[in-house]
Amino acid sequence: MVWLAAMALPIAAAAAPPLPPMKVVQVSPHAYFVQGESALGSPRNANFISNAGFIVTDDSVVVIDALGSPALARELLRQIGRITPKPVSHVVLTHYHADHVYGLQVFKQAGATILANRRGLDYLNSETAQLRLQASRQELAPWIDAETRLVAADRWLDGDVELMVGGTRLQLKAVGPSHTPDDMVVFMPDEGVLYAGDLVFRGRIPFVGQADSKHWIVALDQLLAFDARVIVAGHGPYSTSPREDLRLTRDYIAFLREAMGAAARNLEPFDEAYARTDWSRFRGLPLFDAANRMNAYNTYLLLEQEK
């Protein structure tokens, strides 16, 4: 029996999938990011489906978003350590969604100060957040488990803030409610780099969820005022053509509102409205089949309330 138990150990270990590769991309002299997959979170990808960024200052590192599992956060810390020996002093959250925050506990343990928009407290303390975590422990095991927890910010921000870290000036701008109530973007004016969070999706269909899509469009217009040279999206590759690349997210949300708004105003059943809509412009984008119908339905419900 002892021999059988010993034989079982390698089998159990082999069943755990390897952590997906993580490549650091430099977008300016001091700014970097890692890019998640254009996919749904799964045990295969360890929930590596979103981007995270970091900025190296004179004395420390500022991280933007914490990725979707503690293992990914540990790997991000390792990758940062290959570039600089400086510690991570701050983590700035663009919003409290699972794929951006499940790595927070690792940075907290490393001594970082976490900053987020105060509206994230509503989600953090909600039943929805707890149910999402419980589901993730089942759906994303072994990467999300009983030890994975939701972590509150150390500093809750009530609006726009200018942050000085190691001689580097960062502008934190509240742009919610848009994708979420607590959306925040991070701009590094000296190098023209904007970390836009999930206000911008590149190369895939956005996740709309319970978004305030009307204000989301307004917020995208506000991003143009930064006159950024580089935009790091919440999902997908970074952009060196910000004005052109903001259009995909903006045009998709505007199209959802136009198509579903007409149906809501005319009391047309959702299924009929969805079936008659010409989705050809967006059908070829990754995650269209997984996300588009849900996006359309949530927009339909929102516009029923707006009318």
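Along the sequence shown, residues are numbered consecutively beginning with 1. Computed from a prediction, not measured in an experiment: that's the story for all the values here.
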Restricting to pairs with a member in residues 64-87, which pass side-chain hydrogen bond (donor to acceptor under 3.5 Å, both in side chains), not counting sequence neighbours?
D65-T94, D65-H100, E75-R78, E75-Q79, Q79-R82
Taking atom CG of L115 and atom CH2 of W156, what is their separation to the nearest 0.5 Å?
10.0 Å
Solution key, residues 159-169 side-chain donor-acceptor pairs under 3.5 Å, sequence neighbours excluded:
from	atom 1	to	atom 2	distance (Å)
D160	OD1	A174	N	2.9
D160	OD2	K173	NZ	3.4
E162	OE1	R169	NH1	3.3

For residues H179 and F201, determine if any side-chain heavy atom of one lies less than 4.5 Å from a side-chain heavy atom of the other.
yes
Could I get the full list of side chain to side chain donor-acceptor pair (under 3.5 Å) partners for D227, not counting sequence neighbours?
none
Could you pull out the closest heavy-atom pair between A73 and A66, with the gap in Å?
CB-O, 3.8 Å
Qualifying residues under side chain to side chain donor-acceptor pair (under 3.5 Å), relative to R283, sequence neighbours excluded:
none
So do L67 and V106 actually touch side chain to side chain, heavy atoms under 4.5 Å?
no
Whether the side chain of E306 engages the backbone of G261 through a donor-acceptor N/O pair (distance < 3.5 Å, no angle test) should be reported.
no
ILVMFWY cluster, V27 and L170 together (side-chain gap under 4.5 Å):
yes
Out of curiosity, does V186 fall in the hydrophobic cluster containing L246 (side-chain heavy atoms, cut-off under 4.5 Å, transitive links)?
no
Counting only N and O atoms by type, is there a donor-acceptor contact under 3.5 Å from the side chain of D251 to the main-chain atoms of A254?
no
With the side chain counted from C-beta on, respond yes when N51 and I64 share a heavy-atom pair under 4.5 Å apart, and no when they do not.
no
Which residues satisfy the side chain to side chain donor-acceptor pair (under 3.5 Å) test with R293, sequence neighbours excluded?
D271
With distance as the sole criterion, is a donor-acceptor pair present between the side chains of H97 and D198 under 3.5 Å?
no
Set of residues satisfying side-chain contact (heavy atoms from CB on, under 4.5 Å) with respect to A141, sequence neighbours excluded
none
Main-chain N/O of A211 paired with N298 side-chain donor or acceptor, under 3.5 Å
no
Rounded to the nearest 0.5 Å, the OH atom of Y96 sits from the CG atom of L124 at a distance of 5.0 Å
Salt bridge (Lys or Arg N to Asp or Glu O under 4.0 Å) with E191: which residues, sequence neighbours excluded?
none
Verify the cluster assignment for I114 and V61: are they in a single hydrophobic cluster under the rule of side-chain heavy atoms below 4.5 Å apart?
yes
Using only atom types and a distance under 3.5 Å, with no angle test, would you say the side chain of N266 pairs donor to acceptor with the backbone of E268?
no
Quick one: side-chain contact (heavy atoms from CB on, under 4.5 Å) partners of E258, sequence neighbours excluded?
none
Can you find a heavy atom in the side chain of V151 that is under 4.5 Å from one in the side chain of F107?
no
Measuring from N292:CG to L256:CG, what's the distance to the nearest 0.5 Å?
6.5 Å
Quick test of your reading: applying side-chain hydrogen bond (donor to acceptor under 3.5 Å, both in side chains), list the pairs with at least one residue in residues 113-124, sequence neighbours left out, ordered by first then second residue.
R118-D158
Please check: side-chain N/O of Q105 versus main-chain N/O of R149, any donor-acceptor pairing under 3.5 Å?
yes
Only one of F33, Y238, Y32 passes side-chain contact (heavy atoms from CB on, under 4.5 Å) with Q26; say which it is.
Y32
Shortest non-hydrogen pair, A31 vs S28, comes out as CB-OG, 3.1 Å
side-chain contact (heavy atoms from CB on, under 4.5 Å) partners for I49, two or more places apart:
N45, N47, D99
Rounded to the nearest 0.5 angstrom, the CG-CE distance for L76 and M22 is 5.5 Å
For R243, the side-chain contact (heavy atoms from CB on, under 4.5 Å) test, sequence neighbours excluded, returns L224
Does F54 reach the side chain of I83, with side-chain heavy atoms less than 4.5 Å apart?
yes
Checking S50 side chain against G234 main chain: does a donor-acceptor pair fall under 3.5 Å?
no
Verify, without hydrogens or angle tests, whether D183 (side chain) and P177 (backbone) share a donor-acceptor contact under 3.5 angstrom.
no
Going through the distances and angles, do L285 and Y252 end up as a side-chain contact (heavy atoms from CB on, under 4.5 Å)?
CA-CA 11 Å; L285 291 172; Y252 175 71; over 6 Å; no
Donor-acceptor check, side chain of S213 to backbone of W216, threshold 3.5 angstrom: yes or no?
no
Give me the atom names and distance for the closest heavy-atom approach of N295 to P206.
ND2-O, 2.7 Å
Partners passing side chain to side chain donor-acceptor pair (under 3.5 Å) against S38 (at least two apart in sequence or in another chain)
none
Is R132 salt-bridged to E139, going by a charged N under 4.0 Å from an acidic O?
yes
Test your reading of the model: is there a side-chain donor-acceptor pair from W279 to the backbone of Y274, 3.5 Å cut-off?
yes
Do the side chains of Y102 and L72 get nearer than 4.5 Å, heavy atoms only?
no
Do you know which two heavy atoms are closest between T148 and R137, and how far apart they sit?
O-NH2, 2.7 Å
Using side-chain contact (heavy atoms from CB on, under 4.5 Å), reason through L220 and V200 one step at a time and then give a plain yes or no.
CA-CA 8 Å; L220 286 169; V200 179; 4.1 Å; yes
Please check if atom OH in Y297 has more than 12 non-hydrogen atoms from other residues, nucleotides or ligands closer than 6.0 Å.
no
Close side-chain approach of L104 and L93, heavy atoms under 4.5 Å:
yes
V91 reachable from M184 in the ILVMFWY side-chain graph, under 4.5 Å edges
no
Atom OG1 in T249, atom CZ in R202: separation rounded to 0.5 Å?
9.5 Å
From T299 atom OG1 to K214 atom NZ, the distance as rounded to the nearest 0.5 Å:
14.0 Å
Test side-chain contact (heavy atoms from CB on, under 4.5 Å) on V193 and H30; report intermediate values, then the result.
CA-CA 10 Å; V193 179; H30 298 92; over 6 Å; no
Between V232 and M188, is there shared hydrophobic-cluster membership here, with clusters defined by ILVMFWY side-chain heavy atoms closer than 4.5 Å?
yes
Is any side-chain heavy atom of Q35 less than 4.5 Å from a side-chain heavy atom of V25?
no
Step by step, would you call I217 with R257 a side-chain contact (heavy atoms from CB on, under 4.5 Å)?
CA-CA 10 Å; I217 292 173; R257 289 184 60 85; 3.9 Å; yes
